[in-house]
Amino acid sequence: MANYRLNMVSEEVKKIIDKIIREDMHDPRIKGTYAVTRADVTRDYRHAKIYVSVLEEEYAEAFIDSLQKAAGFIRNELGHRIKLRYIPELHFVIDKNIEYGIYMSKRIDEVVKEQGDKREDD
């Protein structure tokens, strides 16, 4: 039962932080295509690791840096929007899963095309 609550809190934290970044932050370093992909909240609700995927690699480092510097603001806004005994301290991390998925999809398409070309030659 505790894991269910923790998963629900993690999902809600993810949604709220995504909304805060999109609507309330006006930092010029936050640009490009991005998504908050996951939030891992610890069992005691004191810390949360927030995974952010930025498709344009040249923006990723500045993006995460600006989020780290605005972590206090984001945490404060999170506290106004969610009812928890403790509002977790936020740690932002670059998530490369979407980028890796796109890369693998392209590789699979290439292999399928090569296999199709080989079959036509036979």
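Residues take their numbers from the sequence shown, with the count starting at 1. Note: hydrogens, waters and symmetry copies are ignored here, and every other heavy atom, side chains too, is used.
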K.L.:
Angle class for the H47/H91 ring planes (parallel below 30°, perpendicular above 60°, tilted otherwise)?
P.N.:
parallel
K.L.:
In this structure, are over 12 heavy atoms from other groups packed under 6.0 Å from E56 atom CD?
P.N.:
yes
K.L.:
How long is the span from the CD1 atom in I94 to the CZ atom in F63, to the nearest 0.5 Å?
P.N.:
10.0 Å
K.L.:
For residues F92 and A71, report the shortest heavy-atom separation together with the two atoms involved.
P.N.:
CE1-CB, 4.1 Å
K.L.:
Look only at the side chain of N76 and the backbone of G72, and say whether a donor-acceptor pair between them is shorter than 3.5 Å.
P.N.:
no
K.L.:
In the hydrophobic clustering that connects Ile, Leu, Val, Met, Phe, Trp and Tyr at side-chain heavy-atom distances below 4.5 Å, which members other than V93 occupy its cluster, ordered by chain and number?
P.N.:
Y51
K.L.:
Using a strict threshold of under 4.0 Å (side-chain N to carboxylate O), is an ion pair present between D18 and K14?
P.N.:
no
K.L.:
Among residues at least two apart in sequence or on other chains, which ones pass salt bridge (Lys or Arg N to Asp or Glu O under 4.0 Å) with D65?
P.N.:
R29, K69
K.L.:
Is S10 reaching over with its side chain to a backbone N or O of L6, donor-acceptor style, under 3.5 angstrom?
P.N.:
yes
K.L.:
Just do the side chain to side chain contact (heavy atoms under 4.5 Å, CB included) check on I21 and L67 with the steps written out, would you?
P.N.:
CA-CA 8 Å; I21 293 169; L67 291 179; 3.8 Å; yes
K.L.:
Hey, are E110 and K113 close enough for a salt bridge, meaning a charged N less than 4.0 Å from a carboxylate O?
P.N.:
no
K.L.:
With a 4.5 Å limit on heavy-atom distance, are the side chains of L84 and V9 in contact?
P.N.:
yes
K.L.:
To the closest 0.5 Å, what do you measure between NZ (K96) and OH (Y103)?
P.N.:
14.0 Å
K.L.:
Between the side chains of D40 and R38, is the shortest nitrogen-to-carboxylate-oxygen separation below 4.0 Å, so that they form an ion pair?
P.N.:
yes
K.L.:
Please determine whether the number of non-hydrogen atoms from other residues, nucleotides or ligands lying under 6.0 Å from atom CZ of F73 exceeds 12.
P.N.:
yes
K.L.:
Would you kindly confirm whether Y86 and I74 end up in one hydrophobic cluster when ILVMFWY residues are joined by side chain heavy atoms under 4.5 Å apart?
P.N.:
no
K.L.:
Out of curiosity, I82 CD1 to I16 CD1, how far, rounded to the nearest 0.5 Å?
P.N.:
4.5 Å
K.L.:
Side-chain heavy atoms under 4.5 angstrom apart, residues restricted to Ile, Leu, Val, Met, Phe, Trp, Tyr: same cluster for Y100 and V52?
P.N.:
no
K.L.:
To the nearest 0.5 Å, what is the distance between CZ on R46 and CZ on R85?
P.N.:
9.5 Å
K.L.:
Roughly how far apart are I87 CD1 and L78 CG, rounded to 0.5 Å?
P.N.:
5.5 Å
K.L.:
Could you go through the side chain to side chain contact (heavy atoms under 4.5 Å, CB included) check for L55 and I102 one step at a time?
P.N.:
CA-CA 10 Å; L55 289 182; I102 291 170; 3.9 Å; yes
K.L.:
Which atom pair, heavy atoms only, marks the closest approach of A70 to M25?
P.N.:
CB-CE, 3.4 Å
K.L.:
Any chance you could measure M104, atom CE, to D109, atom CG, to the nearest 0.5 Å?
P.N.:
11.0 Å
K.L.:
So that I can tick it off, tell me whether R81 and E77 are bridged by a salt bridge, with the cut-off set at under 4.0 angstrom between side-chain N and carboxylate O.
P.N.:
yes
K.L.:
Considering residues, nucleotides and ligands other than Q68, do more than 12 of their heavy atoms fall under 6.0 Å from its CD?
P.N.:
yes
